[in-house]
Number of protein chains: 2
Amino acid sequence: MIDAKNVTITDSEWEVMRAIWTMGQATSRELIDAMHELKGWSDSTTKTLLHRLIKKNAVEQTGDSRPYTFKPVVGEKESMSAAADDLFDHMCAMRAGSTIAQVIKTRELSKSDIAELQQILAEKAKDAPEMVQCNCLPGKMTCEEDS
Amino acid sequence: MIDAKNVTITDSEWEVMRAIWTMGQATSRELIDAMHELKGWSDSTTKTLLHRLIKKNAVEQTGDSRPYTFKPVVGEKESMSAAADDLFDHMCAMRAGSTIAQVIKTRELSKSDIAELQQILAEKAKDAPEMVQCNCLPGKMTCEEDS
DNA sequence: ATTGTTAGTTTACATCTGTAACCTGGAACA
DNA sequence: TGTTCCAGGTTACAGATGTAAACTAACAAT
């Protein structure tokens with residue numbers, strides 16, 4: 001699995017990736033059917049997305065005979081982390097905490113997920129700063145609003 | 001502050017919003033200078049983005065005399081939550097936990113941020129499911145890969 | 001009144017995205 | 001051995017996005 005960092009997967013492409021990741025690998029027919037089922041897309045749409053993903057090196061086409069096999073080149077976890085990082089990189093550092101809080105509140109998490117998060121937090125608490133600085137503007141070191 | 005849900009703020013626009021949110025409100029000149037400083041953008045670029053944001057109802061222009069004042073219509077926190085939600089909505093539910101874990105590891109969090117997260121997690125742990133199901137494909141109830 | 005300066009508005013334009021039709025070469029069938 | 005079908009490839013096309021030039025209306029200085 002290659003670094004998902006440099007590959008930008010768009011929303012539609014992301015849908016295809018989810019299918020590929022979940023199936024592990026698949027033929028275009030299987031993917032086309034899955035996408036038709038899931039999103040109502042026409043065959044062409046899935047084909048196009050698949051090609052763009054191949055071009056981006058997110059998916060590879062293997063096999064010698066005609067119904068080729070498509071499989072992921074980038075890992076799901078890495079891609080998800082990259083996407084999340086990308087999101088937080090564009091937000092005010094000062095607000096990351098409350099955003100994460102909101103996400104945790106909203107998402108369904110398993111007992112072990114929660115245990116892992118608690119573990120990480122406990123560790124992180126040891127040398128956590130009293131407060132995180134706003135990094136939106138130079139000079140400006142804090143955001144006014146705060147609700 | 002209006003619902004940030006329906007407004008899609010693009011990456012570049014997001015940069016402008018950060019400046020506006022941080023400044024609370026500002027004249028176009030101040031914003032143009034800030035963006036020039038931060039991103040090296042030409043005046044026009046910031047102007048265009050400002051206008052698009054106004055059209056999207058993310059920013060409003062107030063004042064009667066010439067140097068008008070621009071101020072946010074959507075809140076920062078709401079927008080950030082909306083963006084985060086949007087991201088997680090497109091990812092496999094089963095992987096949300098590990099993604100959040102990765103984010104927490106990477107980001108800087110203050111002591112109080114951590115305390116809040118721990119608080120939320122403790123509460124959530126009470127009735128957490130043993131495991132979260134993959135929601136990528138119909139039928140398919142779990143993702144194979146798992147690293 | 002005339003002119004320059006700046007805030008605000010329109011227009012531009014290449015690339016990216018979402019979505020899909022159409023074409024082509026080989027495999028399956030008649 | 002000509003016809004059909006389909007996987008794979010090419011082209012299309014409108015709307016979004018990043019980035020910015022050009023134009024116009026107000027205000028300030030002469």
Side-chain angles (χ1 to χ4, degrees), chain A residues 6-20 23 25-71 79 82-83 86-87 89-90, chain B residues 6-20 23 25-71 79 82-83 86-87 89-90:
Chain A
N6 307 316
V7 191
T8 307
I9 297 171
T10 72
D11 283 350
S12 304
E13 287 166 357
W14 195 270
E15 298 299 328
V16 177
M17 288 308 295
R18 285 180 69 175
I20 297 184
M23 298 167 117
Q25 67 171 55
T27 64
S28 65
R29 176 48 43 197
E30 296 173 315
L31 288 169
I32 286 172
D33 290 345
M35 289 305 112
H36 179 72
E37 169 87 7
L38 286 168
K39 320 285 296 181
W41 287 346
S42 85
D43 296 21
S44 310
T45 301
T46 302
K47 288 182 189 178
T48 300
L49 261 2
L50 255 181
H51 276 272
R52 287 183 183 167
L53 286 167
I54 289 170
K55 189 165 297 168
K56 287 182 182 180
N57 256 297
V59 165
E60 68 177 343
Q61 201 180 190
T62 62
D64 41 344
S65 62
R66 214 45 183 346
Y68 301 125
T69 298
F70 295 83
K71 54 183 67 166
S79 298
D86 195 58
L87 177 74
D89 279 347
H90 288 295
Chain B
N6 308 315
V7 190
T8 307
I9 297 172
T10 72
D11 284 348
S12 302
E13 287 166 357
W14 195 270
E15 299 299 328
V16 177
M17 288 308 296
R18 285 179 69 177
I20 297 184
M23 298 167 114
Q25 67 169 56
T27 63
S28 65
R29 176 49 43 195
E30 297 172 315
L31 288 169
I32 287 172
D33 290 345
M35 290 305 112
H36 179 73
E37 170 85 6
L38 285 168
K39 320 285 295 179
W41 287 345
S42 85
D43 296 22
S44 310
T45 301
T46 302
K47 289 180 187 179
T48 300
L49 262 1
L50 254 182
H51 276 271
R52 287 184 182 164
L53 286 167
I54 288 171
K55 189 165 297 167
K56 287 183 183 180
N57 256 298
V59 166
E60 69 177 344
Q61 202 179 187
T62 62
D64 41 344
S65 61
R66 213 45 184 340
Y68 300 126
T69 297
F70 294 84
K71 54 182 67 166
S79 298
D86 195 58
L87 177 75
D89 279 347
H90 288 295

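Predicted, not measured: the structure shown is a model, and the values here were computed from it. Lettering of chains follows the sequences in order, A, B, ..., and the numbering in each one begins at 1.
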Name each donor-acceptor pair under 3.5 Å that joins a side chain in residues 9-17 of chain B to protein atoms two or more places apart or in another chain, with its distance.
residue : atom : partner : partner atom : Å
B:Thr10 : OG1  : B:Glu13 : N            : 3.4
B:Thr10 : OG1  : B:Glu13 : OE1          : 3.4
B:Glu13 : OE1  : B:Thr10 : N            : 3.0
B:Glu13 : OE1  : B:Lys56 : NZ           : 2.6
B:Glu13 : OE2  : B:Lys56 : NZ           : 3.0
B:Trp14 : NE1  : A:His90 : O            : 2.8
B:Glu15 : OE2  : A:His90 : ND1          : 3.1

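You'll find the side chain of B:Leu50 stays beyond 4.5 Å of the side chain of B:Ile32, heavy atoms only.
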Candidate pair B:Thr46 and B:His36, rule side-chain contact (heavy atoms from CB on, under 4.5 Å), full reasoning:
CA-CA 8 Å; B:Thr46 302; B:His36 179 73; over 6 Å; no
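We find the NZ-CG distance between A:Lys55 and A:Asn57 to be 11.5 Å, quoted to the nearest 0.5 Å. From B:Trp41, atom CH2 reaches atom CG of B:Leu49 across 5.0 Å, with rounding to the nearest 0.5 Å. Here the straight-line distance linking atom OG1 of A:Thr45 with atom NZ of A:Lys47 works out to 10.5 Å at 0.5 Å rounding. To the nearest 0.5 Å, atom CD of residue A:Glu30 and atom CE of residue A:Met35 are 11.5 Å apart.
The residue B:Leu49 sits close to a base: some heavy atom pair falls under 4.0 Å. Within the nucleic acid shown, B:Ser28 comes within 4.0 Å of sugar-phosphate atoms alone, with no base atom in reach, counting heavy atoms only. Counting non-hydrogen atoms under 4.0 angstrom, B:Asp11 reaches the backbone sugars and phosphates but no base. Contact annotation for B:Thr10: backbone-only contact, meaning every heavy-atom pair under 4.0 Å involves sugar-phosphate atoms and none involves a base.
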Give each protein N/O atom lying under 3.5 Å from an N/O atom of nucleotides 24-29 of chain D, with the pair distance.
none

Enumerate all atom pairs, one protein N or O and one N or O from nucleotides 9-13 of chain D, separated by less than 3.5 Å.
residue : atom : partner : partner atom : Å
D:dG9   : OP2  : A:His51 : NE2          : 3.1
D:dG9   : OP2  : A:Gln61 : OE1          : 3.4

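Legend: residues meeting side-chain contact (heavy atoms from CB on, under 4.5 Å) with A:Ser44, ordered by chain and number and at least two apart, are A:Ser42. Partners of B:Gln61 under the side-chain contact (heavy atoms from CB on, under 4.5 Å) rule, at least two apart in sequence or in another chain, are B:Ile54, B:Tyr68, B:Phe70. B:Ser65 is linked by a side-chain contact (heavy atoms from CB on, under 4.5 Å) to B:Pro67, counting only residues two or more places apart in sequence or in another chain. Looking at residues two or more places apart in sequence or on another chain, you find no salt bridge (charged side-chain N to carboxylate O under 4.0 Å, His left out) involving A:Asp86. Applying the side-chain contact (heavy atoms from CB on, under 4.5 Å) criterion to A:Glu37, with sequence neighbours excluded, gives B:Pro138. Partners of B:Asp43 according to the side-chain hydrogen bond (donor to acceptor under 3.5 Å, both in side chains) rule, which considers only residues two or more places apart in sequence or in another chain, do not exist here.
End-to-end axis angle of the helix from C:dA1-D:dT30 to C:dA30-D:dT1, using five pairs per end and rounding to 10°, comes to 20°.
Using a 4.0 Å cutoff to heavy atoms of chain B, the contacted part of DNA chain C runs 5' to 3' from C:dA7 to C:dA12.
For the contact set between residues 30-39 of chain B and DNA chain C, defined by any heavy atom under 4.0 Å, there are no members.
For the pair B:Ile9 CD1 and D:dT17 P, the interatomic distance rounds to 11 Å; values are reported in whole Å.
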